[in-house]
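Letters A, B, ... mirror the listed sequences (proteins, then strands); counts begin at 1.
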Amino acid sequence: MKIRLNPSCPFNLNATLCCGQAFRWNKQGEWWYGIVRENAFKIRQIGNDLEFENVEMDFVKSYFGLYDDFPKILLQISEDKHIKRAVETFKGLRILRQDPWECLISYICATYKNISAIKQMLSNLCKKFGDRIYFDGYDSYTFPTPERLAKATTEELAKCGLGYRAKYISKTAKMVYENRYEFEGLRKIAYEKAKEELLNFPGVGLKVADCVLLFSLGKLQAFPVDVWIKRVILKYYASYFPNEFIRKISGKKLLTSSEYKKLNLFGQRYFGDYAGYAQEYLYHYERIKR
DNA sequence: CAAGTGCCTTTATC
DNA sequence: AGATAAAGGCACT
């Protein structure tokens, strides 16, 4: 199947899958292979044509953020030359709508890790606890269900390279499994409320909650602040904060929760309702240009 | 090549 | 409130 993209509403598949928001996509030749819930499929972009196999058109549009009003989003976030430069470089990068369960576990794993290590951990986890699916000449694995992870021992989880995160994954999986937790409910409630609820899961702090809200629940105002975004703010946006505050967070590696909230709120106020989009462009640009 | 640093942080403790 | 330490292990320099 094929979607003919409207040139006035750009989409960039490579940037979308390379920017570090999702960790389980593999490129083979010009096709990207992915698996979402129980479904393995492939997709490629040739100019303005988006081709895919083994997946519904509506799912593709939803998963890749093609229902977002992209021109409006770009207009709203383009506040200055820094963000404009990032947008120009990766124009068409979209915020995905990942599966919330997979996204939650992925970002608990992602704390204090680099992207290649995160990919490795999640690949191990899926190989060990997911189901193998053969599609188009390749084996891929489903993301383990809450039940599978809830029933795994912490030691088994740790063997996947999760380290001290294993106990958080185990506890969170048990909470989700035992309460038959439904993430869909979070879509309907406001950003702040949904964030509060996510913070109840072990291993989920402000940053992880923001990532899950942005990358799986469509809360596009979420503005996750990690070390890269902190660097971006120190470099380009320091003038929007008191000198004393900038000096303080420059001197140390970790942000306290109140410091996180200040940077987070700045992002949301400065970039507006689609701050999450701005975050991902700035994040990707800052990482790539090194 | 060894050793050090950094990694899309959270939690526990004081 | 805010500072500090601890918690895998791997990739990169």
Using heavy atoms to find the nearest nucleotide of DNA chain B for Y283(A) and L199(A) separately, return the residue whose nucleotide is more 5′.
-> Y283(A)
Which whole-number value in Å describes the distance from K253(A) NZ to dG6(B) P?
-> 6 Å
Sugar-phosphate only, base, or nothing, as touched by V225(A) at under 4.0 Å among non-hydrogen atoms = nothing
Is there a donor on the side chain of E286(A) or the base of dC8(B) sitting less than 3.5 Å from an acceptor on the other?
-> no
Is R37(A) close enough and on-axis enough to F143(A), meaning under 6.0 Å and within 45°, for cation-pi?
-> no
Separation of dC8(B) P from R165(A) CZ (nearest whole Å) = 11 Å
Using atom P of each nucleotide, how far apart are dC8(B) and dT4(C) to the nearest Å?
-> 24 Å
Between E79(A) and K84(A), is there a side-chain N and carboxylate O pair less than 4.0 Å apart?
-> no
Across every strand shown, the nucleotide meeting Watson-Crick or G-U wobble geometry with dA3(B) (both distances under 3.5 Å) is dT13(C)
Expressed as a whole number of Å, how far does the P atom of dA1(C) sit from that of dT9(B)?
-> 23 Å
Between dG8(C) and dA2(B), how far is it from one P atom to the other, in whole Å?
-> 25 Å
I229(A) vs G203(A), nearer the 5' end of DNA chain B by closest nucleotide = I229(A)
How close or far is atom P of dC7(B) from atom CG of L122(A), stated in whole angstroms?
-> 19 Å
Roughly, in whole Å, what's the span from NZ in K248(A) to P in dA1(C)?
-> 12 Å
Side-chain contact check for Y107(A): nearest option of dG8(C), dC8(B), dG2(C) is dC8(B)
Distance, rounded to the nearest Å, where Y164(A) contributes OH and dT11(B) contributes P = 10 Å
Nearest listed nucleotide, side chain of Y168(A), among dA3(C), dT11(B), dA7(C) | dT11(B)
Where does dG6(B) land, syn or anti, given syn is within 90° of 0?
-> anti
Side-chain contact, heavy-atom cut-off 4.5 Å: D99(A) with S216(A)?
-> no
Determine the contact category for C19(A): base if any of its heavy atoms lies under 4.0 Å from a base atom, sugar-phosphate if only primed atoms, P, OP1 or OP2 are that close, otherwise nothing.
-> base
For K119(A), report the nucleic acid contact type (base, sugar-phosphate, nothing); a contact means any heavy atom under 4.0 Å.
-> nothing
Carboxylate-amine/guanidinium proximity below 4.0 Å for K195(A) and D210(A) | yes
Which whole number of Å gives the distance between the C1' atom of dT11(B) and that of dC10(C)?
-> 23 Å
For residues Y237(A) and F266(A), establish whether the separation of their ring centroids is below 6.0 Å.
-> yes
Mapping Q120(A) and K113(A) to their closest nucleotides on DNA chain C, which lands nearer the 5' end?
-> K113(A)
Using purine N1 to pyrimidine N3 plus N6-O4 or O6-N4 for Watson-Crick, or N1-O2 and O6-N3 for G-U wobble, each under 3.5 Å, what pairs with dG8(C)?
-> none
Taken to the nearest whole Å, CG/L254(A) to C1'/dA12(B) is 14 Å
Looking at every strand, decide which applies to Q21(A) at a 4.0 Å heavy-atom threshold: base, sugar-phosphate, or nothing.
-> base
Starting at CG of L162(A) and ending at P of dG9(C), how long is that distance when rounded to a whole Å?
-> 10 Å
Answer yes or no: is there an ion pair linking E147(A) with K151(A), defined by an N-O contact shorter than 4.0 Å?
-> yes
Please report, rounded to the nearest Å, how far the C1' atom of dA3(C) is from the CG atom of L255(A).
-> 13 Å
Below 4.5 Å, heavy atoms only, C-beta onward: do W32(A) and R44(A) meet side chain to side chain?
-> no
What nucleotide, of dC8(B), dA3(C), dT10(B), holds the atom closest to the side chain of V208(A)?
-> dT10(B)
How is G20(A) classified with respect to the nucleic acid when contacts are heavy atoms under 4.0 Å: base, sugar-phosphate, or nothing?
-> base
Would you say T111(A) reaches dC8(B)'s phosphate, i.e. side-chain N/O to OP1/OP2 under 4.0 Å?
-> no
For the side chain of T256(A), starting at C-beta, report the closest nucleotide among dA3(C), dA11(C), dC8(B).
-> dA3(C)
